[in-house]
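Report on the following structure.
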Amino acid sequence: MKYGDFTSLCERSPLPVCRVFKDYELPSCSLNSYSAGSSYIVNLPDFVASIISFLVMMYLAFRAHRKIAAVGFQFMADGSFASILTFVGVGVVIFITMGFIAVDTAFGVSSGLQPKPSEPFLSYGLFTIYLVFPLLAIVIFMVMQTIIVVKFLAVRRPLLWLLCAFVCFAVAQALMFAASNKICTGSNSKIDGAFFATLLDTAAIVCIYGFWSTITVDDSEDYDDVYKY
């Protein structure tokens, strides 16, 4: 597969980003649609899984606000105004960047990112920001957190949470990119890899929360029993 080329990916998996390309066609196995009055809902199972994922995220956010943390590579305590502002700011920048690249790829706003007619699914910018950047961020996060556990903590149990998160994420990507059409065909077009990928990605985030929870405490005086200072 050529770097930046979405052709094979869009043929094998129901990636939302594939709809950005003008010549996009549905994968060889497409899900059944469900009528809701005058409207039709496509990929209802993944829609339900996404709602469940959103509720889980809200619950984790509620649980997380009571924790504090200042470990290893952190420059500010979790939950502080500065950390929340930084988190939101980075998210907004990434969202705007990805949105601009997607719009430019689809409509040729700047005529610089729109694919050529000879390569209708080739987009270096979209490939980088949508696939490569998240993967690179995950690898950096895993490496840094592993260093924190090994260097600063007196326990190794957090590494199990990291391993669990990695396994869930890896299986999710395998089901989305390699097995989605097979799942769709085997279920008579009722579900595809996106459904399981959403659930497993949610499980990975839960594991990351479990990891974070094991290396943080509710009261600062408890640090002495947890960290190697």
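- Atoms CZ and OG1, on Arg12 and Thr7 in that order, are 10.5 Å from each other to the nearest 0.5 Å.
- In this structure, the side chain of Ser53 does not engage the main chain of Ala49 through any donor-acceptor pair within 3.5 Å.
- Ile94 is listed as a side-chain neighbour of Phe133, based on a closest heavy-atom distance under 4.5 Å.
- Note on ring orientation: taking the six-membered ring where Trp is involved, the planes of Phe21 and Phe121 are tilted (angle from 30° to 60°).
- Under a cut-off of 6.0 angstrom, the local environment of CZ in Phe141 is crowded, with over 12 non-hydrogen atoms contributed by other residues, nucleotides or ligands.
- Hydrophobic clustering, with ILVMFWY side chains joined whenever heavy atoms are under 4.5 angstrom apart, keeps Leu163 apart from Ile148.
- By the 4.5 Å heavy-atom criterion applied to side chains, Thr202 and Met57 are counted as neighbours.
- Within the 4.5 Å cutoff, the side chain of Leu131 has heavy atoms near those of the Leu9 side chain.
- A chain of hydrophobic side-chain contacts below 4.5 Å, direct or via other Ile, Leu, Val, Met, Phe, Trp or Tyr residues, connects Leu126 to Phe177.
- Here CD1 of Ile183 is found 5.0 Å from CG of Leu175. Values are rounded to the nearest 0.5 Å.
- One hydrophobic cluster holds both Trp212 and Val206 under the rule that ILVMFWY side chains link at heavy-atom gaps under 4.5 Å.
- For Phe95, the CZ atom sits in a loose shell: 12 or fewer heavy atoms of surrounding residues, nucleotides or ligands are nearer than 6.0 Å.
- Ala194 pairs by the side-chain contact (heavy atoms from CB on, under 4.5 Å) definition with Pro14, Asn43, Asp46, Met176, Asp192, not counting sequence neighbours.
- Residues Phe211 and Ile138 share a hydrophobic cluster, clusters being chains of Ile/Leu/Val/Met/Phe/Trp/Tyr side chains in contact below 4.5 Å.
- Put simply, the side chain of Tyr3 reaches to within 4.5 Å of the side chain of Val132, judged on heavy atoms.
- The CE atom of Met98 sits 11.0 Å away from atom OG1 of Thr105, with the distance rounded to the nearest 0.5 Å.
- Within the 4.5 Å cutoff, the side chain of Glu119 has no heavy atoms near those of the Asp5 side chain.
- Closest approach of Arg157 and Thr214 over heavy atoms only: NH2-CG2, 3.8 Å.
- Note that SG of Cys168 is 10.5 Å distant from CG of Leu199, once rounded to the nearest 0.5 Å.
- Side chains of Lys116 and Leu122 form no contact here, defined as non-hydrogen atoms less than 4.5 Å apart.
- Within the 4.5 Å cutoff, side-chain heavy atoms of Asp201 are placed close to those of Phe169.
- To the nearest 0.5 Å, atom CD1 of residue Ile129 and atom OG1 of residue Thr97 are 6.0 Å apart.
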_Full working for side chain to side chain contact (heavy atoms under 4.5 Å, CB included) between Val20 and Phe6_ = CA-CA 11 Å; Val20 168; Phe6 282 87; over 6 Å; no
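- SG distance check for Cys18 and Cys10: under 2.5 Å.
- Within the model, atoms CG of Asp104 and CZ of Phe100 stand 4.5 Å from one another, a figure rounded to the nearest 0.5 Å.
- For Phe166, the CZ atom sits in a loose shell: 12 or fewer heavy atoms of surrounding residues, nucleotides or ligands are nearer than 6.0 Å.
- The cluster map of Ile, Leu, Val, Met, Phe, Trp and Tyr, joined by side-chain heavy atoms under 4.5 Å apart, puts Val56 and Tyr209 in the same cluster.
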